[in-house]
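The structure appears below as structure tokens.
As a basis for the values below, the full set of heavy atoms in this structure was taken, side chains included, without hydrogen atoms, waters or symmetry mates.
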Amino acid sequence: MSQVRTDSVIVAGAGAVGLTAALVVARAGVQVTVLEAGDDLATESRASTFHPPSLEMLDDLGVLDELMERGIVSTSFQYRDRQTGPIANLDLGALSEDTRFPFRVQCEQSKLTPILLAALQSLANVTVHFGQRVVKAETTADRATVTTEIGDVFTADWVLGADGSNSQVRQTAGFTFEGMTYPERFLVASTTEDLESILPGIAAVNYVFDPTEWLVVLRTPEHWRILFPTDQDSPDEVEIDPARIQARLAGVADLGRPWDVLHTTLYRVHQRVADTFRKDRLILMGDAAHINNPLGGMGMNSGLHDAVVEAQALLALLDGSGSEAELDAACEARRQVALSYVKTITHDNWERLRQTDPAAQQAYHDGCVPWRPIPSGCGPTCSTPR
């Protein structure tokens with residue numbers, strides 16, 4: 001590690017994005033204080049897919065090997081039609097000349113955060129405080145200050161806001177967060193059923209097209225997740241009723257018995273992007289800066305990219321090799337990615353999965369033909385929707 005410097009950075013949020021940013025700047029010798037709202041790291045099952053560029057970044061930080069020990073390597077993902085069956089198997093091996101890691105790693109982000117935390121806690125220039133929810137952020141041209149829920153005040157040269165979609169750094173400092181809310185809510189059911197036996201031929205990640213009830217079926221190390229669209233006007237208690245959950249799962253595959261369901265989550269989905277990712281000494285990243293629907297697994301991955309790119313630009317400013325203009329350019333570049341790529345692609349994924357126009361649906365299916373076809377013997381992903 002470099003000699004400890006006098007520069008100081010506060011990171012609001014000890015999720016995957018905040019801890020990644022903290023590790024980038026701390027490894028350069030910067031004094032880092034991490035403030036986490038919870039009493040410990042979050043353990044709930046959130047994002048679960050790491051894309052090749054994210055794997056490269058985590059490898060450069062020296063934490064990838066431990067993550068891969070906890071995850072599942074997925075060399076492909078599938079597009080399937082709920083009525084007619086398989087469309088295409090997208091082979092990530094086609095990226096072998098473009099990346100060191102031509103595959104996805106299926107692993108919940110809650111398995112990455114302890115690895116990052118351990119790396120940070122091995123550094124003398126890092127302090128991590130739990131139970132310190134940031135409720136206010138202020139900035140001048142020279143310093144930034146945050147206040148926590150219990151009344152503590154922390155001041156540093158810079159504050160990195162990685163405190164999630166309800167970011168108080170963003171809200172109290174006057175950033176705007178324009179966008180839209182989807183008409184559907186998303187319901188995720190996690191199960192320990194062996195879906196590879198129940199639905200032969202499926203991949204670790206499967207996007208299932210259907211104009212009535214599209215699906216996403218994906219695997220994590222301990223269980224499978226099935227994501228359903230849900231009527232925005234239906235009461236929560238109806239949608240999460242165990243009998244209703246079982247009926248929807250029976251539409252995926254009728255086991256002749258109830259499915260083994262670990263837990264369910266029902267949530268609203270938004271597409272929003274902050275008006276800027278930097279205001280004086282405050283820098284936003286991850287869900288604090290932009291949120292999107294989860295179709296394609298781009299939320300956490302783009303947040304990790306924010307963390308690395310913005311933290312590296314900040315380090316360049318601190319060591320004199322970069323400028324404020326270059327920091328602004330890096331932040332704006334990440335904002336443009338959120339607007340023109342992440343937002344666009346995830347929304348297009350949603351539109352395609354629920355497409356009702358047969359001609360448009362077929363045109364998209366035909367566009368998948370250059371990819372490796374599904375192996376013979378693979379039947380439809382699921383039965384007629386209920």
Considering residues at least two apart in sequence or located in another chain, which fulfil the salt bridge (Lys or Arg N to Asp or Glu O under 4.0 Å) criterion with Asp236?
Arg185
Supply the members, apart from Ile72, of the Ile/Leu/Val/Met/Phe/Trp/Tyr cluster built from side-chain contacts under 4.5 Å; use none for a lone residue.
none
Would you check if the side chain of Lys111 reaches a backbone N or O of Gly71 as a donor-acceptor pair within less than 3.5 Å?
no
For the hydrophobic clusters of this structure (ILVMFWY residues joined by side-chain heavy atoms under 4.5 Å, transitively), does one cluster hold both Val208 and Leu255?
yes
Look up atom OG in Ser74 and atom CZ in Phe103, then write down how far apart they are to the nearest 0.5 Å.
10.0 Å
Contact check, side chains of Arg27 and Leu61, non-hydrogen atoms, under 4.5 Å:
yes
Write down the atom of Arg335, the atom of Asp275, and the distance for their closest heavy-atom approach.
NE-O, 3.0 Å
Which pair of non-hydrogen atoms, one from Ala26 and one from Asn125, has the smallest distance, and what is that distance?
O-ND2, 3.1 Å
Are Leu116 and Val105 connected into the same hydrophobic cluster when the rule is that any two of I, L, V, M, F, W, Y join if their side-chain heavy atoms are below 4.5 Å apart?
yes
For Ala289, what residues pass the side chain to side chain contact (heavy atoms under 4.5 Å, CB included) criterion, not counting sequence neighbours?
Phe277, Leu284
Thr113 to Ala16 - nearest heavy-atom pair and separation:
CG2-N, 3.4 Å
Quick check: does any side chain N or O of Ser48 sit under 3.5 Å from a backbone N or O of Cys107, one acting as donor and the other as acceptor?
no
Roughly how far, to the nearest 0.5 Å, is the CG atom of Leu67 from the CG atom of Leu112?
5.5 Å
Asp306: which residues meet the salt bridge (Lys or Arg N to Asp or Glu O under 4.0 Å) condition with it, sequence neighbours left out?
Arg334
Under 3.5 Å side-chain donor-acceptor pair for Asp194 and Ser197
yes
Candidate list Glu184, Arg248, Arg268, test side chain to side chain donor-acceptor pair (under 3.5 Å), partner Thr230, passing option:
Arg248
Test log, rule salt bridge (Lys or Arg N to Asp or Glu O under 4.0 Å), inputs Arg272 and Glu178
CA-CA 5 Å; Arg272 300 185 186 278; Glu178 299 298 326; 5.8 Å; no
Does the Gln246 side chain pair with the main chain of Trp259, one donor and one acceptor, at a distance under 3.5 Å?
yes
Taking Val169's backbone N and O only, do any of them form a donor-acceptor pair with Ser167's side chain (distance below 3.5 Å, no angle check)?
yes
Cation-pi between Arg82 and Phe209: NZ/CZ under 6.0 Å from ring centre and within 45° of the ring axis?
no
May I ask you to decide if Ala141's main-chain N or O and Arg281's side chain share a donor-acceptor pair within less than 3.5 Å?
yes
With sequence neighbours excluded, give me every salt bridge (charged side-chain N to carboxylate O under 4.0 Å, His left out) pair touching residues 152-171.
Arg143-Asp157
For Asp328, the salt bridge (Lys or Arg N to Asp or Glu O under 4.0 Å) test, sequence neighbours excluded, returns Arg278
Side chains of Gln132 and Thr148: any donor to acceptor distance under 3.5 Å?
yes
Is the distance from the ring center of Tyr79 to that of Trp214 below 6.0 Å?
no
Has the side chain of Gln168 got a donor or acceptor atom that lies under 3.5 Å from a matching backbone atom of Asn166?
yes
Shortest non-hydrogen contact from Ala14 toward Leu41:
O-CD2, 3.5 Å
Interatomic distance, CD1@Ile10 vs OG1@Thr127, rounded to 0.5 Å, equals 11.0 Å
Determine whether a donor-acceptor pair (N or O, by modelled atom type, separation under 3.5 Å) exists between the side chain of Thr191 and the backbone of Asp260.
yes
Side chains of residues 49-56: which donor-acceptor partners sit under 3.5 Å, not counting sequence neighbours?
unit_1: Thr49; atom_1: OG1; unit_2: Gln106; atom_2: OE1; d: 2.8
unit_1: Thr49; atom_1: OG1; unit_2: Gln106; atom_2: NE2; d: 3.3
unit_1: His51; atom_1: NE2; unit_2: Gly296; atom_2: O; d: 3.2
unit_1: Ser54; atom_1: OG; unit_2: Asn301; atom_2: OD1; d: 2.7
unit_1: Ser54; atom_1: OG; unit_2: His305; atom_2: NE2; d: 3.1
unit_1: Glu56; atom_1: OE2; unit_2: Thr99; atom_2: OG1; d: 2.7
unit_1: Glu56; atom_1: OE2; unit_2: Arg100; atom_2: N; d: 3.2

With sequence neighbours excluded, what pairs up with Ser122 under the side chain to side chain contact (heavy atoms under 4.5 Å, CB included) test?
none
Suppose clustering is done on Ile, Leu, Val, Met, Phe, Trp and Tyr with side-chain heavy atoms closer than 4.5 Å. Which residues sit in the same group as Leu262?
none
Regarding Lys136 and Glu149, does a basic nitrogen lie under 4.0 Å from an acidic carboxylate oxygen?
no
Value for OG1 (Thr145) from CG (Leu282), rounded to nearest 0.5 Å, stands at 9.0 Å
After noting the C-alpha distance and the side-chain angles of Val32 and Val11, does the key distance pass the side chain to side chain contact (heavy atoms under 4.5 Å, CB included) rule?
CA-CA 7 Å; Val32 175; Val11 178; 4.2 Å; yes
Side chain to side chain donor-acceptor pair (under 3.5 Å) for Asp210 and Gln83? Distances and angles first, verdict last.
CA-CA 7 Å; Asp210 187 82; Gln83 302 300 324; 3.1 Å; yes
Between Thr172 and Ala137, is there a donor-acceptor pair closer than 3.5 Å when you use the side chain of the first and the backbone of the second?
yes
With side chain to side chain contact (heavy atoms under 4.5 Å, CB included) as the criterion, how do Ile202 and Leu195 come out once you've worked through the C-alpha distance, each side chain's angles and the decisive distance to 0.1 Å?
CA-CA 8 Å; Ile202 63 170; Leu195 292 194; 3.9 Å; yes
How many angstroms lie between OG1 in Thr20 and CG in Leu160, if you round to the nearest 0.5 Å?
11.5 Å
Could you report the tightest heavy-atom contact between Gly13 and Val34, atom names first, then the distance?
O-CG1, 4.2 Å
Heavy-atom closest contact (Asp319 atom, Ser321 atom, distance):
OD1-OG, 2.6 Å
Once ring-ring contact (aromatic ring centres under 6.0 Å, His included) is applied, what residue pairs with a partner in residues 156-181 remain, sequence neighbours excluded?
none
Sequence neighbours excluded, which residues qualify as salt bridge (Lys or Arg N to Asp or Glu O under 4.0 Å) partners of Arg219?
Glu196
Between Asn206 (side chain) and Ala203 (backbone), is there a donor-acceptor pair under 3.5 Å?
yes
Checking side chain to side chain contact (heavy atoms under 4.5 Å, CB included) for the pair Ile115/Leu58: CA distance, chi angles, key distance, verdict?
CA-CA 11 Å; Ile115 299 170; Leu58 295 174; over 6 Å; no
Grouping ILVMFWY residues whenever side-chain heavy atoms fall under 4.5 Å, the cluster of Val309 otherwise contains none
Using the salt bridge (Lys or Arg N to Asp or Glu O under 4.0 Å) rule, take Arg70 and Glu222 through it: C-alpha gap first, then chi angles, then the decisive distance, then the call.
CA-CA 10 Å; Arg70 293 161 171 76; Glu222 279 82 37; over 6 Å; no
